[in-house]
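Report on the structure given below.
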Amino acid sequence: MKKLNLLIVLIVMAALSFSCKNDKKEELKKVDDKKSTEIAITDAEMEKGAAIFFDRCAGCHGSSRKGATGPSLLPDGDGKSAATKALGVAGIRAFIENGTPAGMPEWKGILPEEEIELMTRFLQVEPPVIPPYGINEIKKSWKLIIPVADRPAKPEHTRNIKNFFGVIMRDAGKVAIIDGDTKEKLAVLKTGFAVHILRTSASGRYIYSVGRDGRITMIDTYSKVPTIVAEVKGGFDARSVEVSKYKGYEDKYLVFGGYSPSHIAILDAQTLEPLSVTETKGNACDGDKEFIEEARVASIVASHTDPVWICNVKETGMVWIVDYTDPKNPGMTQIPSARFLHDGGFDSTGHYFLVAANASNKIVVIDVPNKKLVKIIETGIKPHPGRGTNIKNDLGNLWVTSHLGENKLSLIKTNKGEGQWTVVKEIKASGNGGGALFVKSHPKSKHLWVDRTLNPDAKLNSAVDVFDTNTLELKKTLQAPEGVDGRAVHFEYNKAGNEVWVSYFMGEKSAIVIYNDKTLEVKQIIQGDWVQNPTGKFNVYNTTNDVY
Ligand code: DHE
């Protein structure tokens with residue numbers, strides 16, 4: 001599987017011309033480290049190193065290796081982080097193999113030895129130059145596969161589209177569409193490399209995916225079998241996409257958030273024709289207002305109360321409220337908040353948006369209609385909520401985040417009254433350590449689910465914890481069922497709010513396990529050769545209406 005991944009990455013990288021053209025002039029690139037040891041790297045190794053870096057490292061160290069949540073990795077340093085040439089082969093190897101207490105994972109045992117060895121050299125030479133990619137390049141990549149006029153005017157089937165699930169098969173570069181009523185697989189569609197998230201159009205008709213290769217794929221659920229109707233590449237690297245949801249703008253526009261290049265692209269949501277691109281580089285929100293070139297767009301949500309998207313620019317810590325009423329000249333309001341904005345979601349009213357500034361250990365609260373910062377709340381080490389989840393009990397209406405860096409769930413009161421916008425309760429999952437990525441509940445449920453995907457203990461990362469939302473006591477730890485292995489990740493409820501779907505990936509026996517939310521018994525296990533490392537799952541109704 002790892003080899004397959006690498007192959008896919010290499011193909012993608014070749015297509016991106018991600019390699020440094022200047023380097024190609026020489027067959028061998030020679031670099032001297034401080035100890036004057038000569039290091040040689042071939043063009044082929046540069047390409048392979050770039051592919052490994054893009055797949056494994058760019059998420060934290062930035063596509064241009066200039067640093068992001070992780071430090072920069074430049075041969076001569078950048079004044080803040082060590083020069084990789086000074087670290088030398090042994091120093092770089094020590095970091096790769098052992099990780100760091102700051103959160104870098106240990107790659108020994110995950111990356112094969114020859115890849116570790118290659119990275120110790122690759123990281124000592126100048127990074128490959130990232131070619132420009134703006135609206136013209138996006139336009140060139142645009143493929144309208146089925147024009148609007150040739151699509152069905154109404155569904156060609158009688159299935160309940162609102163209970164369809166889009167499920168990401170990350171390593172296969174595919175998205176499966178599953179009928180949530182019958183649990184039948186309706187289609188497994190080739191999308192992009194390592195699809196990250198899915199979003200549904202405001203009508204629920206279309207499902208859009210975005211991959212780490214920046215490709216957006218548009219799937220029509222009205223056709224007899226769900227079908228890809230358009231594709232476009234919004235950038236080289238991305239994590240998010242969202243649609244216009246405000247009344248009168250349903251299914252009209254789509255926004256793409258670029259990690260590389262760092263930009264916001266607006267597209268026609270019916271065809272994926274690009275309409276405008278706005279770069280997000282700019283001054284950081286705090287301190288000396290450092291100018292940041294690689295200011296990546298992390299989470300994006302669409303307001304239901306206004307014609308705006310909330311786009312979170314990670315490195316600058318600026319929350320951009322993007323008014324899409326004139327999509328070729330979008331209105332942009334930037335709200336300074338806290339650095340390293342990552343993932344977040346709405347409170348139960350949809351009026352406030354809460355986002356993790358993960359490496360700052362904070363949650364930022366934004367009043368969306370009034371385009372204002374409400375509060376910055378210290379929670380714990382590396383909050384990671386996904387979109388978070390909303391529960392209600394005697395303490396009030398609570399929005400919940402898990403943490404990557406410690407074993408803690410923070411419950412923030414969102415309704416008016418004493419304690420609003422403070423952590424009114426903290427609870428612990430089972431065992432020790434962090435590693436939680438996602439939490440989930442449902443307005444009709446009395447359960448709060450949490451995973452521990454990145455905890456190093458296999459017993460914890462393969463299990464999920466379920467809490468009672470009233471007592472906040474841990475009710476049950478659910479181990480991977482017989483015949484299923486790997487790490488448990490991400491939850492999604494069905495439309496009725498009585499089933500929870502959990503993915504198992506990174507093991508030998510991938511699966512989607514469906515639990516009865518009331519009894520916490522396994523209801524069904526979806527497996528098969530098409531179920532390959534499933535990650536995110538998105539129910540059409542819940543995603544369209546932000547039910548979480
Ligand atoms: Fe994610 C959401 C970025 C690693 C699975 N991930 C997000 C979002 C961002 C993000 C910005 C919010 C999107 C939104 O709501 O608009 N994720 C990143 C990274 O930069 C990071 C740390 C490293 C990387 O290189 O990608 C990363 N993410 C992972 C994983 O390792 C996961 C578990 C599997 C994978 O795809 O590689 C993973 N991320 C997810 C999922 C969501 C997500 C399933 C959607 C959660 C939701 O319910 O909305």
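For ligands, and for the atoms within them, numbers begin at 1 and follow the listed sequence.
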Side chains of [X] and [Y], heavy atoms from C-beta outward: is any pair under 4.5 Å?
X	Y	value
Met119	Ile52	yes
His384	Asp343	yes
Leu341	Val313	no

Is it the side chain (CB and beyond), the backbone, both or neither of [X] that lies under 4.0 Å from ligand 1, heavy atoms counted?
X	answer
Tyr548	neither
Leu437	side chain
Glu492	neither
Arg487	neither

Are any of the N or O atoms of [X] closer than 3.5 Å to those of ligand 1?
X	result
Lys440	no
Ser299	no
His490	yes
Ile300	yes

> Should Thr453 be listed as contacting ligand 1, given a heavy-atom distance under 4.0 Å as the test?
Replying inline: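 Distance cut 4.0 Å: Thr453 fails for ligand 1.
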>> Give me the residue, atom name and distance of the protein heavy atom closest to atom 23 (C) of ligand 1.
In response: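 Scanning the protein heavy atoms, the shortest distance from atom 23 (C) of ligand 1 goes to Gly59 CA, 4.2 Å.
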